[in-house]
Structures are given as C-alpha cells and as structure tokens.
Amino acid sequence: MTLPGTYVLRRLLIALPSLLGISIVLFTVLALAPGDPFGDIVSNPNIPADVAANLRLKFGMDDPVAVRYLRWLTAMLQGDWGFSFASRIDVDTLIMQRLWTTLLVIGSSQVLALLIALPVGIYAATRPYSLFDQVANTLTFIGFSLPTFFTGLLLILVFSIQLDWLPFVYRSDISATGWRFFWEHFRQTIMPVSVLALFQAASWTRYVRSAALDVIRLDYVTTARSKGLKERVVIMKHVVRNALIPVVTLVALQLPAIFGGAIVTEQIFRVPGIGSLLISAILANDTPVIMAVTFVFSCLVISFNLLADILYGWLDPRISLR
Amino acid sequence: MTERELRGLIEAVRKGSITRRQFVGTMLGVGIAAPIAGQLLMHAGIAQAQPASTYKGTKRGGGGALKVLWWQGATLLNPHFATGTKDQDGSRIFYEPLAGWDTEGNLIPVLAAETPTPANGGVSRDGKSITWKLKRDVQWHDGKPFTSADVVFNWEYAADPATSAVTIGSYKDVVATAVDAYTVRVDYKKASPFWADPFVGTRGMLIPKHLFEAYKGAKSRDAPNNLKPVGTGPYKFDSFTPGDMVRGTLNANYHMPNRPFFDTIEMKGGGDAVSAARAVLQTGEFDYAWNLQVEDEILAKLEQGGKGRVVIIPGGDIEFIQFNFTDPWNEVDGERASIKSKHPLFTDPAVREAMNLLIDRDSVQKFIYGRTGIATANFVNNPPKYRSPNNKFEFNVDKANQVLETAGWKKGSDGIREKGGKKLKVVYQTSVNQPRQKAQAIVKQAAQKAGIDIELKTVTASVFFSSDFANPDVYTKLFCDMQMYTTTMTQPDPEIFMNQYVSWEISSKANKWQGRNVTRWTSDEYDKAYRDAEGELDPVKRTALFIKMNDLVIQNRVIVPLVSRPRVRASNLKLKVPESGWDSDFWALQDWYRDA
C-alpha cells in the first residue's frame, strides 16, 4: 500500500475545524460554569475587595468571553499556553512536571494490560469453552465490572494496611539513590499500575479472544494445519497476525488516555499525574490549566484517530484509503 | 464578665493567687481568645513569662526525614500571594515572620529579638506606633544578612496595590520605617489595640529584599523566586511541584541553636482527608496530616491502628445557624431579602426563642461531631478570654411549645402553628456535607414536635460558598429563612470576626452581596460597642466590649451557635509538635522533633 498523501492531508484539514470547534465549546462552557478562581480571596474578610478586582483586571478576566477566547487562541497558536491562576506558573511547566509520572504509571499499566490480554486471549481462543477459557472469561467479567476506585481501595486495605507490604502514597521524587531508588519506585507503582492494568486487560482480553476466534475458524487456517505446519506456527504466523489488526486500532485509540491520566486512580494513590492536575484545576476553577489539558487531550484523540485509520490501511491492504 | 471582674482577675494574676494559665483558661471560658488574654496581661504590665520551649533536641540535624501530608497540596510559595492555609503552610517552611502566635495566644518572637510591650517601650502610649527590635546575625538562605531594610521592603511590596498581594489588608494602612539596621517602627493611622497583624503570623512572613526588589508591583508574577523561596526558616528550599510536593533540607545556618531536628522535610499534597488520616494513624507512612475533616467515629477507629494520635487544637471557628431578618420570598425594589423588608416569622422574638430551644446541641456534638465539634452557647469561643460566661444553652421542646403558645402561635389542624394567617413554615439551607445534613435532620425533627415545619435544602459547597453573585444559592445572599455553615476566625483578635453583625456590613445588592452581615440584623447598641472597641486601647475594656457584642447577638437570638470547630490533625505518636490554633501549623516548625 502506498501512503495516500492526499488522504492524510485531507484528514488533517478536516481536523483543524474540529479542533477549533472543540476549543470554542470548551472555552464557552468553562466561561459559563459557576465558580471563580478568586473565590477564596473574595470570601476572606482579611483581604480587601479590590485585591480580587485587581487580579481579575490584571489577568483580563472581566473582558467579554469572545475577546478572552481570541486572546487565548492567538497565544496558543504562538505556543504560549498561559499561566495557572492558582499557582501563577506557566501551564506548560505544570504539565511537563507531571508528564513523566503520567507516562510512567499509565504507560506501564497499558503495557502490562497488553502483556496479560494477548497471551490469555489467544490461548483462550485456541481452546474455546475449555476450563481455562471459562476461568479467564469469568475473571475478565469481574475485572471490568469492578470500578478502579473499588479495586484501588481493596488493594490498599490488603497490601498496605493488613499486610503492610506496599506504600499507598505515591511520591514522584524519592530521595534514595542507586538500586534503592528503583526498588522504591517499583514498590509504589505496583498498586496503581495493577489497578489500571487489570481493568484494561479485562476488556482487551475479551476483545483479543473474539478477534482470534473469528480468524481461527477460517479456511486458510485449516489449510495451514493440513499443510502439516506446527500448531505454534499456525497460531503465531497465521492466526495472531490477522487477529491483531482490529486489536491494534483499539489500542491506538486508547493511547491518548496515557496523556490524560487516570483521574480516579491518581486521586486514590496520590499519583501526581496529569489527571490529578486536571481535577485540582477544575476544583479551583483554574481555567488556563483546564483549557490546556483538555485541549491537548482532544488534539491527541484526533491525531491518534487519524493514526489508527492509517495504520489500519497499512495492516490490511484490502482496505483502501481514499 | 464585666470590666471590674476582669480587672480583679488580672490583679489576682499579678499577686500570684492564680496562674497565668488559669487566667487564660477562665478567659477562654468566657469567650476570649488566648492571644487577647495574653495581651490583657501584657498590657497590665504583667511580664509575659516566656513560655519554655518544649524542644528537647540537643543538636542540629540527625532526625532523618519529616514527612507530612496535606490533602490539598501547596500551589504557590510566595507568602504574599498565599490565600489558603495550604499555601501559607508551604511558605512557612522557608519564610518566617517577626513573631508568631502560640496556642495560648502569646506572641512569640521569631525574627524579632523581643515582643514589643509598653514596658520595653515597644508599644507607644497612644497606641499608634510599635517598635520592633530585630534579631541580629540572622541570615537568608543565600547567606545575605537579614536587616530592617528587608522588613520595610515587605511593607512596600505588600502595600503596593499593583503587586496584588493578598496580605495588602495588613499593610496598606500602616507605615514602616527603618530606625536603624535592626530596628523597625510601624506607625498606624489610628490607635490600634490589635497591632500584632503586620509582620506577624501567617500574614507576616518576610521575603528577602535583594531577590524581590526588582519584582515589586505589576511584575510580581515574574519573580523567579516565587517558585524558589529563599527565606530565613529552619529548612532550605529543595524542590516544588505545585499541588503535589514541597521539599526542604536542613538550614545549617539557622538562627536558633540546635535546630532543626530533621534533616529533610517533605510536604506531600493531594488525595482525600480519610486516607491522609489512615497514612498517619494506621500505617505510619507519614508523620503528620493536616485538616482532617473526617467524622470522629472514623478517626477513633483509625487511631486504634496504634501508629498515631488525633490532635485537637482549639480555635475560633464555629458552626452556627443564622436567622434571616429580612423577607427572602418577596422582592422590595427588585431585591429579595431587601433591608427594607421584615421577615414574616423571625421578627417575632418568640419564634427565634423557640428555635433556640429546639436545637439539640448536645446531640449534635454527641452523635455527629464528637471531639471535632464542641457544643457551645457562644459565638466567640476562643481565645478563652473572649468567651462570655453569660450564656447557656438548653434543649427543651415543652418550653418551646409554651413560648410559642404564649406568643399566640396556635396549632392548626395539620399540627403546624399559625398566627394571623402566617404558618410557621421555614426553609433551612446548608451546604452538601454529611455532618450538616445529619444536624439538619436533628433540628427538623425537634421543630416538628413544636409545630414548626422545616423544609430542608442543600446546596453544593462549590456554589454555596462561591462568590458567583448571579447564583441565588450563595450563602451571603441568604435567600431563605435560615442557614447553617462554619464561619472562620482567622485572627486571635475578634475585631474582624465580630463585624458580621454591624449595620454597615449588611450584605445587599448594593455591595454585590459581599457584606459580612448576612442575617441583616442591626442594632445601634451593637454598632456603638463595635465602634468603641475599634479604638479602645485598654484591653480590659475592649474585651468587655467584645463580650457584650457576643451577648447581644446570642441573647437576641440573631444566630444559634451549634458547635465550635477545633482544628483536627493527626500526628505520629513519637512526633512532638508545638501546636497553635492561631497561626500556621508550621508556626514553630523549628521545634518539631521525634522522641527516640
């Protein structure tokens, strides 16, 4: 397949108005939402009323929504993301401070989820309705029925409080060095990563299994077997490769979530990721931070959508992109 | 308590027939905050026994890491921009004021060499100027000396409206002058009985002139040191992630000997209060946790984990019920609850008296708040010297029925009392918060027995406490008959706290509902007492005035106090923390140590 340049270009051009639309909707909703980043200042009797008024003026918050939006847009186009009203720090600094932790925790949970989902799903598909398949099925159902806040608390109760093996407060900067540094990091990531991974793995396992089952019944697989190929080769080369096509798209669409973080899990384990930045910004009505995080997230969703589409055509030449 | 009784007590302290501590205790019992009690004695010329420090460390450092958990992490580290306690606490690790408040309300020098008093010439006779003597050989973390120029600079910095400092209220009406390199005089516009506000406590932390001078005024946001504090405190800045972590390491040049004990400090933020309590009380992962707004029952259960204890620190915050004195249901000149209107039911004192009898404060304490909310009859509860001895509370349904019956409120066929066609039906609002909803239910049940029908209303906290004045459910509007919330007392002096009932603070459309008098009750007697207290230099008379104001509000049943809310913290069993209800949690961070 040749990469259709015009197709990509067209998709990118379509993406631009959608991003613009998203940013307008986000900005308006935030402007209309109740709450005020300087609420604390206004309600504090020790602080004169003109302090908040001064700050609003300084940060240009009293201008009409349209003016504020255009100002934000022009700044954003020049790469200036603005600064947080709460901490007065540039938003990109705030995001960069937390990006590493988010990538580490969410990224490794996705990798772990794949490492569980792929072998379990494929093995279950090769032996449908066997004991292994039944057990795996039951576990996946339990896995994605339990919300992460429940499994998170459960793990804390068992491993931190009853057994006292693992810490339940995540610290991004650990003062130890050498092997201890890695060991401490490993210990504290076990629980949040497994909570997220198990949840994700559960649904992916179901997906891999059904995708593999669809392929395994096809004639070419029977042909491959009757050629006398080893079962391992049949599964790995003929089944998995074709079964993975829809799985790859699914995983690609899931990737932006790595940036967005996991709000609930981050809150429970106090992981200083993008998710907890977003939630505290929302609570503090810190518009520039909310705007930046949600906007970057929508950019990622749109571009990964495009990526998935292109990937799809590349993996399966029968699909043509026009 | 009258002025004469107060003078008697002070005399007794002077003669030594009662101790200072007993005096402060008695004063607390009558609603006078400890700091004010301390000032009473100070003014009377009774030397403040420098409270012996409880610090037992014998050398600097060696204590390992101190790990504290704030479930709302600090978001900025410039004390002049710190709005919430989380930011003030984060800044207090590195920055210090001239003096801080201990839990009994004594002013304890930190960067000052001594507390100004009339006796040492620090407090002028006319109450208009205060002279601070600074400690010598104090160094900023970068090695530069700390002098009076720094103190004066902080005044210039905060008082400049372009800086937009939240501390401006403490500095804009004073003038600070450097007398010499280690003496600063602060001049007040008028006689100021409570002068210990600029350069003191959470609003008095000092930033270095040499690093912030270029960033005074409109450029204040650009100062690189907003994020990298350089102070005089016991710990030097290490790293900072807003909302997540503040880290500091021992300051080897700290100005107090053998301090600090710990080598590093970590202030972790985020999460929720219950798990913060868990991390200290049950698993011991952290040494100290801040502001545990958790039901006492849960705290007690976690305490059985055996790693830590719950620390209850008395303060001035109070959970109370306000009655509306204006009509919230009909508009007058296009304004609901206009000051020109009268509330149809609550203008009858009998109705307010009955409500007062129907609020079962003991049960509210016993079944809801436990150690974290102490039933009270007073609006001003702390420091103790301001607590009025004149009020008691009672829960008595029969008496309430009787009061209403005598006033002519007769029960209708539906069991609800009415008079002149007006039914005793009221709407009672508060924020969404489990203990508050439980308290609402307790009040509603009792009121029903007396023929008052209460409709309960709850408003999301983010709306109820917001400053979004387009929303009718904001608490300062009080667009319903009665409401309940906690009002906070941020200073040991009740002056600002008591402006909640003066006529010029009435919350109305004209001031965008930013006025502090939410009930819209007015009284010439109260206004006069308040005006008098503002300029009264004799602390005894001033205290008596505050007690009078408290009694006016209580005895007129303008409000019904429910429980006084102390600060609730959790601390490791071995950690020794000098706590204070009148200052930052870290007000004496240099004295924190761990028992072997």
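Since we're looking at a predicted model, the values are computed, not measured. Note on naming: letters A, B, ... go to the chains in the order of the sequence lines (proteins, then strands), and numbering restarts at 1 for each one.
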Under 4.5 Å from any heavy atom of chain A - which part of [X]:
| X | answer |
| --- | --- |
| B/F497 | neither |
| B/A276 | both |
| B/L69 | side chain |
| B/A165 | backbone |

Is there a side-chain contact between [X] and [Y] in this structure, where contact means two heavy atoms from C-beta onward sitting under 4.5 Å apart?
| X | Y | value |
| --- | --- | --- |
| A/M76 | A/S23 | no |
| B/L77 | B/L227 | no |
| A/W81 | A/I95 | yes |

Between A/F83 and A/F59, what is the ring plane arrangement, given parallel below 30°, perpendicular above 60°, and tilted in between? perpendicular

Taking all non-hydrogen atoms of both residues, which atom of [X] and which atom of [Y] are closest, and how far apart?
| X | Y | answer |
| --- | --- | --- |
| A/M61 | A/P37 | CE-CG, 3.5 Å |
| B/L302 | B/V274 | CD1-O, 4.0 Å |
| A/I89 | B/P242 | CD1-CG, 3.2 Å |

Neighbour count above 12 (heavy atom, 6.0 Å) for A/F182 CZ: no

Record all donor-acceptor atom pairs with a distance under 3.5 Å between chain A and chain B; write none if the list is empty.
unit_1	atom_1	unit_2	atom_2	d
A/D36	OD2	B/S467	OG	3.1
A/N46	O	B/R203	NH2	3.0
A/N46	ND2	B/T490	OG1	2.5
A/N54	ND2	B/P161	O	3.2
A/K58	NZ	B/A162	O	3.2
A/K58	NZ	B/S220	OG	3.4
A/R88	O	B/R221	NH1	3.0
A/Q97	NE2	B/F240	O	3.2
A/R98	NH2	B/P242	O	2.8
A/F168	N	B/E285	OE1	2.9
A/F168	N	B/E285	OE2	3.2
A/V169	N	B/E285	OE2	3.0
A/Y170	O	B/K268	NZ	2.5
A/R171	NE	B/E266	OE1	3.0
A/R171	NH2	B/E266	OE1	3.3
A/R171	NH2	B/E266	OE2	2.8
A/S172	OG	B/D244	OD2	3.4
A/D173	O	B/R247	NH1	3.3
A/D173	OD2	B/S239	OG	3.3
A/R270	O	B/K268	NZ	2.9
A/R270	NE	B/G270	O	2.6
A/R270	NH1	B/S275	OG	2.8
A/R270	NH2	B/G270	O	3.3
A/R270	NH2	B/D272	O	2.9
A/R270	NH2	B/S275	OG	3.2

